[in-house]
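Note that the structure is predicted; figures quoted are calculated from it, not measured. Heavy-atom basis, side chains included; hydrogens, waters and symmetry copies ignored.
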Amino acid sequence: MLQRKLLRALLIRSSELVPSEALINELWGEEHPERVENALQAHISRIRHRLSSLEPERENPRLRTHISGYQLIVSEEEVDAVWFLTNLERIRARLDDDLPAAIRDLRAILESWRSPVLPDGEGGTIFQAAVTQYEESRLLAVETLFDAELRVGNHAGIVGELRATLGRDRFHERFWQQLMTALYRSGRQSEALTAYQQLRRRLNDELGLEPSPSTSAFEQAILAHNPLLSLSSGVEIATATSVSDPSGPHGWTSEREMARPLSRS
């Protein structure tokens with residue numbers, strides 16, 4: 001069990017030098033055994049031996065010891081999470097160059113997602129930070145996909161997908177904004193306004209909150225037939241609102257912690 005947690009921590013921080021103190025806290029928390037450094041070294045030795053037996057022809061060991069900690073050498077293709085994060089960054093960097101290609105690539109990496117990649121509610125600081133990072137990246141990938149679909153005019157085609165996504169990420173307001181935009185552009189204004197009221201009731205009933213100012217701005221834009229709704233992904237409405245009144249704890253940019261995480265088959 002401890003060796004699995006140790007290997008998981010090293011993989012999460014793949015190819016980075018992880019301080020011994022961070023690994024000790026990850027494995028034992030505040031309840032350190034006596035001679036904890038020796039205990040850590042023993043577990044490292046067992047993992048190194050196991051890895052060497054799996055790759056007998058490898059010249060340099062994957063698991064390396066440094067004065068201040070340990071480093072597990074892996075490539076981005078060998079760790080699903082690293083593969084996902086790296087590809088998402090690359091896709092977003094060239095998003096404006098070829099939107100149809102970016103949409104295909106986003107769908108491909110999202111197809112690889114198997115949730116949850118890491119079970120929530122366990123592990124130490126390294127583990128919990130990874131849970132948050134992977135979940136935020138998943139949500140960013142889905143947001144980016146729907147924004148791109150709206151930009152190429154596929155608003156009618158993603159309404160069903162957005163509703164299905166909101167079945168999982170029920171309070172993620174950017175998805176509600178995208179749904180409202182897609183419905184409005186599809187000539188379904190009343191459904192777009194109904195979607196806003198659904199979100200408002202859900203937030204009130206379950207969290208005691210109101211929609212963020214940026215989401216409320218979408219309702220007002222729909223009622224006023226604001227031409228910004230026909231531009232790009234409609235994000236201009238949220239952006240204009242956030243300049244004068246940034247999103248609160250349940251708003252567009254800070255809501256990503258309210259869902260779950262990635263694994264590639």
Item to complete: Using the test side-chain contact (heavy atoms from CB on, under 4.5 Å), find all partners of Thr144 that sit at least two apart in sequence or belong to another chain.
Response: Arg92, Leu95, Leu106, Leu140
Practice prompt. Under the side-chain contact (heavy atoms from CB on, under 4.5 Å) rule, collect the residues that match up with Glu31, sequence neighbours excluded.
Written response: none
Discussion item. Taking salt bridge (Lys or Arg N to Asp or Glu O under 4.0 Å) as the definition, give me every residue that meets it alongside Asp96, ordered by chain and number, with sequence neighbours left out.
Written reply: Arg151
Worksheet item: Listed by chain and number, what are the side-chain hydrogen bond (donor to acceptor under 3.5 Å, both in side chains) partners of Arg50, not counting sequence neighbours?
Response: none
Which pairs would a plain distance check flag for residues 217-226, meaning a side-chain donor or acceptor within less than 3.5 Å of a matching protein atom at least two apart in sequence or in another chain?
| unit_1 | atom_1 | unit_2 | atom_2 | d |
| --- | --- | --- | --- | --- |
| Glu219 | OE2 | Gln197 | NE2 | 3.3 |
| His225 | ND1 | Tyr184 | OH | 2.9 |
| Asn226 | OD1 | Leu228 | N | 2.8 |

Worksheet, complete the sentence: Contacts of Arg46 meeting salt bridge (Lys or Arg N to Asp or Glu O under 4.0 Å) (sequence neighbours excluded), chain-then-number -> none
Item to complete: Taking salt bridge (Lys or Arg N to Asp or Glu O under 4.0 Å) as the test, write out the residues that go with Glu16, two or more places apart.
Response: Arg13
Worksheet entry | All side-chain contact (heavy atoms from CB on, under 4.5 Å) counterparts of Arg202, not counting sequence neighbours | Arg170, Phe171, Trp176, Glu206
Worksheet item: Who are the side-chain hydrogen bond (donor to acceptor under 3.5 Å, both in side chains) partners of His66, not counting sequence neighbours?
Response: Gln71
Practice prompt. Could you list all the salt bridge (charged side-chain N to carboxylate O under 4.0 Å, His left out) pairs where at least one residue sits in residues 53-73, not counting sequence neighbours?
Written response: Glu55-Arg62, Arg62-Glu78
Response to the item:
The side-chain contact (heavy atoms from CB on, under 4.5 Å) partners of Arg4 (sequence neighbours excluded) come to none
Worksheet item: Listed by chain and number, what are the side-chain hydrogen bond (donor to acceptor under 3.5 Å, both in side chains) partners of Ser216, not counting sequence neighbours?
Response: Tyr196
